[in-house]
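Written below as structure tokens is the structure these notes are about.
Indexing begins at 1, ligand by ligand and atom by atom, following the structure's order.
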Amino acid sequence: MTITPRKWWQDGVVYQIYPASFKDSNGDGIGDIPGIISELDYIRSIGVDIIWICPMYDSPQVDMGYDVRDYENVYPPYGTVQDMEILIAETHARGMRIILDLVVNHTSDQHKWFQESRSSKDSPKRDWYIWRPARYIDGVRKPPNNWLGNFGGSVWQWDDQTQEYYLHLFCPEQPDLNWENEDTRKAIYESAMEFWLERGVDGFRVDTVNMYSKGEMLDAPITDPRSEWQFAGYQYCNGPRMHEFLSEMNAVLEKYDAMTVGECPNTPDMGRVLKYVSAKEKQLNMVFQFDVVDIGQGPYKFQTTPFNWKLPQFKHAIETTQNLIRGNDGWTTVFLENHDQSRSISRFTSDAPEHRVAGGKLLSLMMAALSGTMFIYQGQELGMVNFPLEWSMDEYKDVDSTNYYAMVNERNGGDAEALAAAKAALQHLARDHARVPIPWSASSNAGFSTAKPWMRPNDDYNICNAKQQQSDKNSVLSYWKRMLQLRRHYSDLFVHGDFDLLDKQNLEIFAFTKTWQNRKALVLLNFTARQQELQLPPGAQNQKMELLVSTLDMPGGCLAAYEGRIYMLALD
Ligand code: GLC
Ligand code: CA
């Protein structure tokens, strides 16, 4: 096997920042760029190499900045382009790199390109977005197809002025750009990419990257007979021109040695994923697959009940993403949280007061031992958990949550039981849980702001905050720091090694090995609230081994509730 030199982003640990909720510097209740700058030393102290800033561009904020009005400007409450330049310089001065969120599947309907496009059918920018005439069924005006939008409803919006529909896979205020048009693509590269690459950013997390090529836009199969609109993720993702578009985009990025990580939903076929991340294909450096984070979700995400999954499914999802690097030139990612997911402790372990710290350490140990570039989402390092069921629906600010709740209400004529089930699902899975302010201290407003924050801080900030955890050697934060050091020390094994799942069907213990040349580690993770016998799984018996680390200071003869361990195995 030929050994290719490693890229800077492979061993890097990425820390994701959600500007609105990270830190408020000027007392308006909204996080901002100076707030981020003021905590760069904190971020560095965790052991992070790269920061990823969620959209800070000028935006009407219908979808928290994923609706960009101007790529070349900053949302005023967050700061200015100059603040961004300072952030870039200060990040680099600390030996870290910085990537931005590249949101170019769609813009805001207030972007000047769309304003021009919608102004008339003869506008030179008409074709920069996706316009189609209506179809008439029994004389009734209908959208061009039956696709369901990501936030509910049809993906088509009727425009009275020019008497056509435009496509929006997300909110109506987020019209999809037409990637088929070469001028549009060029404008995207210049305005959204090169503007910031020239200012020194080191790469991008590429939003909804597999949706650029829409193919023929045929009707989706009927999977929800009660609805006029049908799930179409397999229609609009991974269309025929994806690879061509990405090659073109990569040619721009390559000039800057920029890193890319693409968001890749609705792609269970590993052959396809590999094509995106294989080094020789020159498309993307890596992607976020949804195998792990989609676990337990219903066909329509919230149509499910909490903990509607079994451990073997979780193991299988991890195995799938780990195997991407095996025997080929692809690369993978390790993540459990981001701004679109609820908190991992609440989802995959237990957020009961007596277990939450153990759960946080267990997931930290697991992630530290998995191959690929690692991503930590703000607050994950503090072991943050979902906010409680008692909070009213008013505390949910995300369109995804509020649209779903309104839809259930409408469909069921306000039925209390249906609404309670919807709320239980939201309490478990809503994106809002990731979007509450970071608890910096036990003082008022969780030390996030001197004013009332735009979202309510979680009730537990007196016991879960950065200040307390920095001085507590048993905190989740201290554990993350330790695990990131260990990962760096054994990077061959943990970042690049081969993953082998043991005892797949075991419903309570997740066991796997990592192997790199003559080194092998065994990872044992107790995913239950009960003590478990310390039994070596089939495949790891009769081997000499030494404990490398546990989530407990003084591990005993059994695996404690939510305890994790790594052993080094002696290879003969
Ligand atoms: C991605 C983002 C999400 C956003 C959507 C539309 O999935 O991560 O937050 O709502 O794209 O841009
Ligand atoms: Ca502010």
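Around the Ca ion (ligand 2), the protein atoms of type N, O or S that sit closer than 3.0 Å are Asp24 OD1, Asn26 OD1, Asp28 OD1, Ile30 O, Asp32 OD2.
In summary, the atoms of ligand 1 found under 4.0 Å from a heavy atom of His106, numbered by their order in the structure, are 6 (C), 12 (O). Interface of Phe151 with ligand 1, defined as ligand atoms under 4.0 Å from a residue heavy atom, comprises 10 (O). Taking every non-hydrogen atom of Arg431 and a distance limit under 4.0 Å, the qualifying atoms of ligand 1 come out as 3 (C), 4 (C), 9 (O), 10 (O). Remark: ligand 1 atoms within the under-4.0 Å shell around heavy atoms of Arg205 are 2 (C), 8 (O). Of all atoms in ligand 1, listed by their number and element, those nearer than 4.0 Å to a heavy atom of Asp63 are 4 (C), 5 (C), 6 (C), 10 (O), 12 (O). Here is the list of ligand 1 atoms found below 4.0 Å of a heavy atom in Asp207: 1 (C), 2 (C), 6 (C), 7 (O), 8 (O), 11 (O), 12 (O).
In this structure, His433 and Gln427 approach most closely via the heavy-atom pair NE2-O, 3.0 Å.
Note that the CD1 atom of Ile37 and the OG atom of Ser25 stand 8.5 Å from one another [nearest 0.5 Å]. Remark: Cys237 SG to Arg272 CZ distance equals 10.0 Å, nearest 0.5 Å.
Defined by atom type and a distance below 3.5 Å, a donor-acceptor pair is missing between the side-chain atoms of His243 and Glu281.
With respect to Trp52, the ring-ring contact (aromatic ring centres under 6.0 Å, His included) criterion is satisfied by exactly one of Phe22, Phe288, Trp9, Tyr15: Phe288. Exactly one of Tyr66, Trp128, Trp113, Phe170 qualifies for a ring-ring contact (aromatic ring centres under 6.0 Å, His included) with His106. That residue is Phe170.
In this structure, the side chain of Lys301 does not engage the main chain of Gly298 through any donor-acceptor pair within 3.5 Å.
The existence of a salt bridge linking Asp351 and Arg343 is excluded, since no basic side-chain nitrogen approaches an acidic carboxylate oxygen closer than 4.0 Å.
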